[in-house]
Amino acid sequence: MVKHLSRIASDHCTILLEIFKPVVVNNKEIRYEEVWATYLGAEAIVKKSWSKYVGMDPASSLNVKFKRTLRSLFFWSKAKFKNLIFLWDKLKEEIQEVQLEEGEVGISFEKLQILRFKINELNITLARLNTWWKQRAKARKNTNWISHIKTNNCSLTEDGYEIQKVFFEFFKLKWKHRHCMLEGWPKTSVIINEKDQYVLEAEFTKEELQSIIEKSGSNIAPGLDGITFSFLKNFWKLIADDVWIAVSQFMSSGELHMSWKETLIVLIPKTQNPQEVTNYQPISFCLTIYKVIAKKLLSRLEMVIHKLISADQAAFIKGRSLSDHVLLAQEVFNKFCYSKARKGLLAIKLDMEQAYDSMGWEALRQVLSHFNFPSKFKELILQCILDPKYCFLINGRKTNLIEGNVDLDKATLYALICLFYALKSYLMHYMVGKGM
């Protein structure tokens with residue numbers, strides 16, 4: 001960090017160069033490491049820890065098993081990881097000694113076998129180190145470090161707790177509950193028919209759940225519980241039944257466990273030198289089990305949403321591209337350059353930044369009813385977004401959990417955007433038809 005200090009007895013400013021400070025994390029949370037699955041003993045550790053009886057409801061039982069198994073893997077792997085870099089250096093030295101001996105007196109068949117074994121062991125160790133670093137490749141502590149922020153009275157603060165407070169208060173106000181006008185909405189003829197309702201409310205199967213997990217990316221940042229899709233994929237045979245029971249209970253009862261809505265918010269800078277809260281983009285890290293549920297609902301929504309959104313809306317629907325509208329806009333502005341219209345032409349840019357963040361949940365409930373979504377599917381979607389709890393991770397420290405109007409996983413956000421544009425598309429056609 002470079003900044004100018006005040007001028008004292010001189011017309012020159014002193015320049016302060018401060019080397020980036022490492023993040024000191026007091027909360028030692030455990031996250032699943034993909035490299036653990038490369039050891040033969042990992043499966044036995046998971047099997048032993050997972051098979052212990054819990055005696056709770058399926059969702060709470062799954063939470064306990066996730067946490068207990070993760071801790072077992074962590075303490076089992078501590079010694080192995082500490083020796084990983086040491087083992088790599090040791091193998092390189094041993095291989096070099098054998099190769100030097102080969103150059104001087106030749107090499108026997110026995111020595112050749114040893115050399116091949118050590119080279120294979122070195123490659124395995126190198127692959128494990130590569131997996132470990134690859135999982136951390138997305139972390140940019142230097143870039144994401146918030147050294148200062150502008151407060152409400154327009155003064156800059158460098159105090160860590162004050163920075164937390166500024167972000168906390170800003171987003172608490174931004175994501176507060178919204179009151180919406182729910183009366184006088186125009187009627188629509190574009191609704192979900194009985195056939196589509198049957199598709200949306202069809203029973204979810206275990207095979208469908210497994211397919212969603214297999215298609216999900218592995219190296220994805222985990223939520224507060226530290227569980228990733230890599231863990232589900234690596235040990236699916238051992239944990240499949242418990243995951244299925246917990247997910248199917250939600251699908252049948254329509255009640256999502258409150259802990260599954262807990263979300264970690266990370267702030268990513270949008271500019272080179274961010275100083276204000278609005279210069280940061282909030283990114284949500286949801287629990288992996290929540291992502292699985294959101295993806296299941298989204299896979300059903302994708303089957304019918306294209307019928308609700310008009311062809312004029314080019315984004316968020318498969319087979320349509322936002323670049324079509326970009327090209328159209330370029331042609332329109334090109335027309336402005338050589339148009340000879342007497343009255344001139346006018347372009348208006350509508351700023352709809354985070355319009356879905358400002359949507360009241362009661363308005364979304366009415367949108368779902370407006371388009372005739374079946375009641376069960378409607379409640380499943382609402383359960384995924386109502387009353388979430390979230391905290392911010394700022395400079396390695398977490399804020400307290402607060403409730404808000406924040407959107408959660410990308411899959412849920414995508415579904416909300418689709419529903420938002422379905423309503424927007426319909427209202428635009430309604431106003432044009434009325435000459436508004």
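- The CD atom of Glu203 sits 10.5 Å away from atom CD of Glu208, with the distance rounded to the nearest 0.5 Å.
- The two residues Ile227 and Pro222 make their nearest non-hydrogen contact at O-CB, 3.5 Å.
- The backbone N or O of Thr278 lies less than 3.5 Å from a partner atom in the side chain of Lys270, making a donor-acceptor pair.
- Residues Thr271 and Pro274 meet the side-chain proximity criterion, which asks for heavy atoms closer than 4.5 Å.
- Counting heavy-atom neighbours within 6.0 Å of Lys48 NZ, excluding the residue itself, gives a total of 12 or less.
- Counting heavy atoms from C-beta on, the side chains of Leu264 and Cys391 come closer than 4.5 Å.
- Nearest heavy atom pair, residue Gly254 against residue Leu380, reads CA-CD2, 3.8 Å.
- Of all non-hydrogen atoms in Ser61 and Met56, the two that sit nearest each other are N-CB, 4.1 Å.
- No side-chain donor-acceptor contact under 3.5 Å links Thr263 and Lys389.
- Residue Cys384 holds its SG atom at 11.0 Å from CG of Leu298, rounded to the nearest 0.5 Å.
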- Any chance you could lay out the side-chain contact (heavy atoms from CB on, under 4.5 Å) test for Val243 and Ile289, step after step, and finish with the verdict? CA-CA 8 Å; Val243 174; Ile289 190 65; 4.0 Å; yes
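- In terms of heavy-atom proximity, Phe377 sits nearest to Glu201 at N-OE2, 3.7 Å.
- A salt bridge is defined here as a Lys NZ or Arg NE, NH1 or NH2 lying under 4.0 Å from an Asp or Glu carboxylate O, and Lys150 with Glu276 meets this definition.
- Under the 4.5 Å side-chain criterion, counting only non-hydrogen atoms from C-beta, Leu70 is not in contact with Phe74.
- Met303 is not listed as a side-chain neighbour of Leu200, based on a closest heavy-atom distance of 4.5 Å or more.
- In this structure, Leu40 places its CG atom where only 12 or fewer heavy-atom neighbours from other residues, nucleotides or ligands lie under 6.0 Å away.
- Within 6.0 Å of CD on Gln275 lie more than 12 heavy atoms contributed by other residues, nucleotides or ligands.
- Put simply, the side chain of Gln281 never gets that close to the backbone of Ile268: no donor and acceptor are under 3.5 Å apart.
- The CH2 atom of Trp145 lies 11.0 Å from the CD1 atom of Ile394; values are rounded to the nearest 0.5 Å.
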- Check the pair Tyr290, Glu262 against side-chain contact (heavy atoms from CB on, under 4.5 Å), reporting the backbone distance first and the verdict last. CA-CA 9 Å; Tyr290 174 89; Glu262 294 178 357; over 6 Å; no
- Task: Determine, step by step, whether Phe171 and Val277 satisfy the side-chain contact (heavy atoms from CB on, under 4.5 Å) criterion, reporting the C-alpha distance in whole Å, the side-chain angles of both residues, the deciding distance to 0.1 Å, and the verdict.
- Result: CA-CA 9 Å; Phe171 284 103; Val277 178; 3.9 Å; yes
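- Note that CD1 of Ile149 is 12.5 Å distant from CD of Gln164, once rounded to the nearest 0.5 Å.
- Contacts classified as salt bridge (Lys or Arg N to Asp or Glu O under 4.0 Å) and involving residues 215-243 (residues at least two apart or in different chains) are given here: Lys65-Asp242, Lys206-Asp241.
- Between Lys165 and Glu162 no salt bridge is recorded (no basic side-chain N to carboxylate O distance below 4.0 Å).
- Donor-acceptor pairing under 3.5 Å is lacking for the side chains of Thr157 and Asp159.
- Both the sub-6.0 Å distance and the 45° axial angle are not jointly satisfied by Arg31 relative to the ring of Phe231.
- Expressed to the nearest 0.5 Å, how far CG of Leu209 lies from NZ of Lys295 amounts to 12.5 Å.
- Around the CZ atom of Arg68, the shell of radius 6.0 Å holds more than 12 heavy atoms that belong to other residues, nucleotides or ligands.
- When all heavy atoms are compared, the tightest approach of Leu386 to Arg365 is CD1-NH2, 3.7 Å.
- Smallest separation of non-hydrogen atoms from Pro58 and Gln249: CD-NE2, 3.5 Å.
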- Pair Ser216-Lys291, side-chain hydrogen bond (donor to acceptor under 3.5 Å, both in side chains): steps then yes or no: CA-CA 10 Å; Ser216 300; Lys291 295 177 183 178; over 6 Å; no
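- Here the straight-line distance linking atom OG of Ser49 with atom NZ of Lys67 works out to 12.5 Å at 0.5 Å rounding.
- Contact annotation: the side chain of Lys378 approaches that of Ser369 to within less than 4.5 Å [non-hydrogen atoms, C-beta and beyond].
- Panel note: side chain Asp196, backbone Val304; no donor-acceptor pair is recorded below 3.5 Å.
- Shown here are the side-chain hydrogen bond (donor to acceptor under 3.5 Å, both in side chains) partners of Ser252, two or more places apart in sequence or in another chain: there are none.
- Between Phe392 and Tyr390, the angle of the ring planes goes over 60°, which puts this pair in the perpendicular group of the 30/60° scheme.
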- Message: Walk me through whether Ile220 and Thr228 qualify under side-chain contact (heavy atoms from CB on, under 4.5 Å).
- Response: CA-CA 7 Å; Ile220 298 177; Thr228 65; over 6 Å; no
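- Looking at heavy atoms from C-beta onward, Phe285 lies in side-chain contact with Ile283 at the 4.5 angstrom threshold.
- Tyr39 carries Arg128 over the face of its six-membered ring, with the cationic atom under 6.0 Å from the centre and within 45° of the normal.
- Residues Leu368 and Leu382 meet the side-chain proximity criterion, which asks for heavy atoms closer than 4.5 Å.
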- Glu379 and Gln383: CA distance, side-chain angles, deciding distance, side-chain hydrogen bond (donor to acceptor under 3.5 Å, both in side chains) verdict: CA-CA 6 Å; Glu379 291 305 318; Gln383 274 291 313; 5.4 Å; no
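- Within the 4.5 Å cutoff, side-chain heavy atoms of Leu232 are placed close to those of Thr288.
- No donor-acceptor pair under 3.5 Å is formed between the side chain of Ser211 and the backbone N or O of Glu207.
- Ring-plane geometry between Trp36 and Tyr32 is classed as perpendicular, the angle between the planes exceeding 60 degrees on a 0 to 90 degree scale with a lower cut at 30.
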- Go through the steps for Ser60 and Asn63 under the test side-chain hydrogen bond (donor to acceptor under 3.5 Å, both in side chains), then give the verdict. CA-CA 5 Å; Ser60 300; Asn63 291 344; 5.3 Å; no
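- Side-chain atoms of Ser248 come within 3.5 Å of backbone atoms of Ile245 as a donor-acceptor pair (strictly under, hydrogens ignored).
- Asn234 places a side-chain N or O within 3.5 Å of a backbone atom of Ser230 that can act as its donor or acceptor partner.
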